[in-house]
Structure formats: C-alpha cells, structure tokens
Amino acid sequence: RTLDGGGRHLLPGLIDSHVHFRTPGLTHKEDWAHASRAAVAGGVTTVIDMPNTVPPLRTGEEAHRKAELLTGTSLVDYRFHLGVSGEDPSPLRAVGPREATSVKVFLAGHHTAPDVVRDPAQLEKVFRTAAESGLRLLLHAEDDGVFGLLDEWRGEPSGYAEYERHRPRSGAIVAVARVLELVRRHGTTVHVLHASTAEEADLLTAAAHAGLPVTFEVTPHHLSFTAAETCRVGARARLSPALRQQADQERLWRAVRTGQVATLGSDHAPHTREEKLRTPAQAPPGLPGVQEMLTAVHTGLRRRAPFEPPDAQLSLLVRLLAERPAELFGLDERKGGLRPGLDADFVLFDADERWMLGPGPGSGPGSSAIHSKCGWSAYEGWTMTGRVLHTVRCGETVYRCEGDQAEFGEPDGRWLDARRPTDVEPR
Ligand code: NCD
Ligand code: ZN
Ligand code: ZN
C-alpha cells in the first residue's frame, strides 16, 4: 500500500471523516480556507464535515447550499454528515446518497452541540428512521450526567486536577451500551465516534464479533494525551469525551494496532484561545487536529514500536486514514488508495524527519506553522516524527513545504458524490 522513495513514502491522500470546519456561523473559531490549508499540510485531501454549525446542517437541500457556499474556498474535496432533530427525524427519509450517507447524533449536550437527542422514544425513532433510510448513524456516545457536573463546577483552572478526578468516565460506557441495544433492536448501521475508554473498546469489539453492524473511531488526542495532560495544561486540553487514564490509552492503542478500530478521525474542533482560557465550566471542549493527525499518530506508533518496519506502520495508517473511511462513507470508487481509476491524491511523507509545530513562518527550519485559524495546537512543544512534504489532490499540488516555508495550491476542492452504506459490499 505504500511505495518506498528512499526514506520518503508515497501515501494516498488521507480522508478525515471527522472535522468541524465551523462554516457557517462559527467562523470566529475556524473557517474553511484556514482549515483546508491545515488539512493539506497534514496530508488530508478529503474531509467529511460535522453538522454542528450555526445553523446546523440537517437536510439534503442545506447540503446543496453549503456546497455552493464553499465553491472556490477549499483545497480539499469534501462531504457532509447531517444532523438530526429528535423531535422530527422525518427529513432523513428524503436524503439521497448525493447529499449524505451519514448522520451524527449527540446523546449528550455541550456548548457546540445544537441537536441533542435525550428522549428515549425519540432516540428509538432516529435509529429506526436511519435504518429504513439506509443511513449510517455516527454516535457521540456520552451521558448528560457528565455535563450536569460540569455546569455546577465553579472552580478556577488551578482546580482543574480536582475537577478532572471527579469527571465520570462511566457516562461514555453506559451510552455505548445503550447504543448497542438500539442497534440490536433496529439493525441500524452505526459508527461510534471518539471512543475514549477501555470498556467502550471491549463492548464495541465484542458487538462487532457478534455480527452487529457497528464500527468505531478513535481520535489522535485520546492516543496522544491522558487526563494527566489535562491537569498540566488546564482547560485548553479539555475535549469531549474527556481525556482518560493510561490504561484506557493502552487499550485504544491495542484496538488501533489489531484492526479493531475502523477509522481514525481528527475531531478537528478549534475554539479561540480566549474561549479556551475561560474557567473549565465555561471553556468549550474541542481541539484542532487535522494538521497534526497523521504525524501525531505516526509519532505514537514509532514510540511504541521503534523497531517495527516503517512500511508496516504506514500501511496501518493508510488503512485507518484512507481505505476504511473511503469504504465506510461510500467514497471507495474514487478515494482511499493508490489504484488506477481513483483520484490522483498523493502525499509525500518523510517518516524520519523530526520537527515541531511553531506559531508561524520563520519559526526555524525544523518547524511548521499552525494553519488553523485558531492559531494554537495541543501539540506545541512536541517533537513530531514524520513530516508531510508534499500533497497532491487530483493531480495538482495543493501543499508543499521546504524548511519552515509552506506553499498552497488553488482552492478548487469539490463536493464529492458517494454511495450509501447499504450499497457497499459486505466485508
Ligand atoms: C466538538 C466541537 O467543538 O464541535 N467538540 C469536542 O470536544 N469534540 C464536538 C464533538 O465532536 O462532539
Ligand atoms: Zn462528538
Ligand atoms: Zn467532533
């Protein structure tokens, strides 16, 4: 799946199936132009954007309008996940594969979640409607208890360690168990997002073995940081679901390495520095990550298995970041690999180069600028192993870097067509 180019590797353009590019309505945090620069600098040539914008994206018609809005602003090709209101999931019946093949459902609420489905009867209806419409449900599986606790918290960032100690992890585990029960009842095809605990990985793996149509995603943040990091960095490292314990992280790595995980998604969710510097109760959860994802996970793999052949590690990353997302989201007829007939999306990756994320151009030859509009990264100060040197989308160079200088191509990324999960051959 990879070609060796003398220490440099040619990978297919990556698909990040979990980004919040904040357009429309939240462009003070991030906008499509900045975010798509961050994406190509991270080797990503296709993104699937989340619906929690202002207004939220819920219908096929809105998807058409959003695609129109983005014309001429994107370096990457794109698709959208739709949102759904628990009160009336019926618009899902009218969604064609052109518009979307997947729908994100929040089981718990936080600052940036407009549509939360709390009512059990509504949730049943959403699962049923998605199953009947051949749509894949993407689950934000957490419990509202977590957020209730958060709202009561009045501490300052100095008290963050204490706050994190009390933040329950059981909410996510209970929510995943609930999701599996609904899948059993309705046969809905489900992808659980940002699994963060060992128990979730166990439950989801067992369910898949038992034949339920469930897969799951892990984020680079949960593989890179633990709750200890949150205590050190404070509210800036806050995300939803929260960073967990060392044992959880080890379990997630095992799931990644043994093929239990279907996709890695960056959950690129930028907020401004000012927003993140509020007290823990006020700071919105979420971190940028589309630029950091490939290299952060590659760095983690190297650290864990320094003597494993680089090719094996890169093949694993290609599987999780290109092939599987293409299969899951109906893009495999044009994206997800280096095969004749697919789009000419390539990434030239130097697996050995060590570098750091810097605040801007001119930070020195061993550094790269942060391209997200939010201007910060949880990985600042990290030494990254493996660097994207060149990104090509549809045969055109969209990113090139030399030293600390970056160059970008034309923002002519397109809205992609896709097939439904039910059209995809069973694996
Ligand atoms: C995301 C956001 O800010 O949009 N935040 C997060 O902490 N992950 C929302 C989400 O993915 O749930
Ligand atoms: Zn989420
Ligand atoms: Zn997200």
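Predicted model only: the values in this text are computed from it and were never measured. In this chain, numbering begins with 1 at the start of the sequence shown.
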Item checked: Given V290, I15, D77, V347, the one that forms side-chain contact (heavy atoms from CB on, under 4.5 Å) with V44 -> V290
Item checked: Selection residues 23-71 - residue pairs positive for ring pair (Phe, Tyr, Trp, His ring centres under 6.0 Å), sequence neighbours left out -> F21-W32, W32-Y78, H64-W415
Next item on the list: Using the six-membered ring of W382, assess whether NZ or CZ of R303 lies under 6.0 Å from its centre and within 45 degrees of the ring axis.
Entry: yes
Next item on the list: Using modelled atom types only, decide if a donor and an acceptor are shared between the side chain of S372 and the backbone of C374 within a distance under 3.5 Å.
Entry: yes
Note to self: Can you confirm whether F216 sits close enough to V190 that some side-chain heavy atom of one is under 4.5 Å from a side-chain heavy atom of the other?
What the structure shows: no
Check: Under the 3.5 angstrom rule, does the side chain of E217 hit a backbone N or O of T263 as a donor-acceptor pair?
Finding: no
Notebook entry, point to check: Relative to each other, are the rings of F225 and Y379 parallel, tilted or perpendicular (30° and 60° limits)?
Noted result: tilted
Next item on the list: Take the angle between the ring planes of H140 and H194 and call it parallel below 30°, perpendicular above 60°, tilted in between.
Entry: perpendicular
Check: Is the closest basic N to carboxylate O distance between R393 and D412 below 4.0 Å?
Finding: yes
Next item on the list: Salt-bridge test for K335 and D343: reply yes if a basic N is under 4.0 Å from a carboxylate O, no otherwise.
Entry: yes
Checklist line | Donor-acceptor contact present, side-chain T101 to main-chain P97, <3.5 Å | finding: no
Item checked: Under the side-chain hydrogen bond (donor to acceptor under 3.5 Å, both in side chains) test, residues paired with D417 that sit two or more places apart -> none
Next item on the list: Using modelled atom types only, decide if a donor and an acceptor are shared between the side chain of Q313 and the backbone of A305 within a distance under 3.5 Å.
Entry: yes
Note to self: Just to verify, which of Q291, E30, H18 counts as forming a side-chain hydrogen bond (donor to acceptor under 3.5 Å, both in side chains) with H268?
What the structure shows: E30
Next item on the list: Using salt bridge (charged side-chain N to carboxylate O under 4.0 Å, His left out) as the criterion, point out the one residue from R22, K66, K104, R79 that pairs with D49.
Entry: K66
Note to self: Check the orientation of F408 and Y399. Use parallel for under 30°, tilted for 30 to 60°, and perpendicular for over 60°.
What the structure shows: tilted
Notebook entry, point to check: Under 6.0 Å between ring centres, would you say that holds for H298 and F349?
Noted result: yes
Item checked: R339/D332 ion pair, N-O < 4.0 Å -> no
Notebook entry, point to check: Do side-chain atoms of R136 reach the backbone of L328 as a donor and acceptor pair under 3.5 angstrom?
Noted result: yes
Item checked: Trace of the side-chain contact (heavy atoms from CB on, under 4.5 Å) decision for R273 with K276 -> CA-CA 5 Å; R273 269 183 236 266; K276 290 301 268 188; 5.8 Å; no
Note to self: Using modelled atom types and a 3.5 Å cut-off, is there a donor and acceptor pairing between side-chain atoms of T295 and backbone atoms of E292?
What the structure shows: no
Check: Could E308 and R257 be called an ion pair, given the rule that one side-chain N must be under 4.0 Å from one carboxylate O?
Finding: yes
